[in-house]
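Numbering starts at 1 and runs along the sequence shown.
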Amino acid sequence: MKKIEHLGIAVKDLKKSNEIFSKLLNTAPYKEEAVESEGVTTSFFQVGDSKIELLQATRSDSPIAKFIEKKGEGIHHVAFNVEDIEKEIERLQEEGFELIHKQAKPGADNMLIAFLHPKSTNGMLVEICQQIVD
């Protein structure tokens with residue numbers, strides 16, 4: 001794991017949250033993107049070497065909608081950047097971590113992603129991600 005890539009924050013209203021975080025971070029989001037497979041629209045802010053990802057549900061059965069219903073708005077996950085996501089998935093499985101995704105899949109912001117189940121990470125949803133090279 002090379003660094004914290006981003007913190008994912010579940011929000012009810014992306015437009016309102018973009019305004020709040022723009023004021024807080026003194027910068028505008030650099031990208032807004034829908035991820036249909038996850039039922040979310042995301043917005044990204046660059047903060048030094050890391051990012052903040054705001055996530056708003058686009059359908060009631062999405063993981064973000066379920067998270068907000070259960071826990072309210074707030075930190076949803078921490079994402080770590082990795083050099084080789086397939087090798088990292090294999091390593092984590094060998095270490096006994098439970099993975100939600102046993103294979104990497106396309107995610108937001110030009111990344112391959114996989115999530116670890118919070119049951120195996122002290123209750124924190126962890127994402128690993130690798131930049132897709134065009």
I'd like to know if the side chain of Q56 and the backbone of T58 have a donor-acceptor N/O pair within less than 3.5 Å. no
Check your understanding: Hey, is the main chain of K23 close enough, under 3.5 Å, to the side chain of E19 for a donor-acceptor pair?
Key -> no
### Query
Salt-bridged, D13 to K15, with N to O below 4.0 Å?
no
Looking at K31, I'd like to know if its NZ atom is crowded, meaning that more than 12 non-hydrogen atoms belonging to other residues, nucleotides or ligands lie closer than 6.0 Å.
yes
Is a salt bridge present between D49 and K3, judged by a nitrogen-to-oxygen distance below 4.0 Å?
no
Check this for me: does any side-chain nitrogen of one of E5 and K51 sit under 4.0 Å from a carboxylate oxygen of the other?
yes
* Sidechain N-carboxylate O distance under 4.0 Å for E69, K66 -> no
* **V126 backbone acceptor or donor facing T121 side chain under 3.5 Å** => no
**Prompt:** For E53 and H76, does a side-chain donor sit closer than 3.5 Å to a side-chain acceptor?
**Reply:** no
Under 3.5 Å, which donor-acceptor pairs do the side chains of residues 93-105 form with other protein atoms, sequence neighbours left out?
from : atom 1 : to   : atom 2 : distance (Å)
H101 : ND1    : F115 : N      : 3.1
K105 : NZ     : E38  : OE2    : 2.2

- Message: Angle between ring planes, F44 versus Y30, binned at 30° and 60°: parallel, tilted or perpendicular?
- Response: tilted
Ignoring hydrogens and geometry beyond distance, is a side-chain donor-acceptor pair present between E32 and N18 at under 3.5 Å? yes
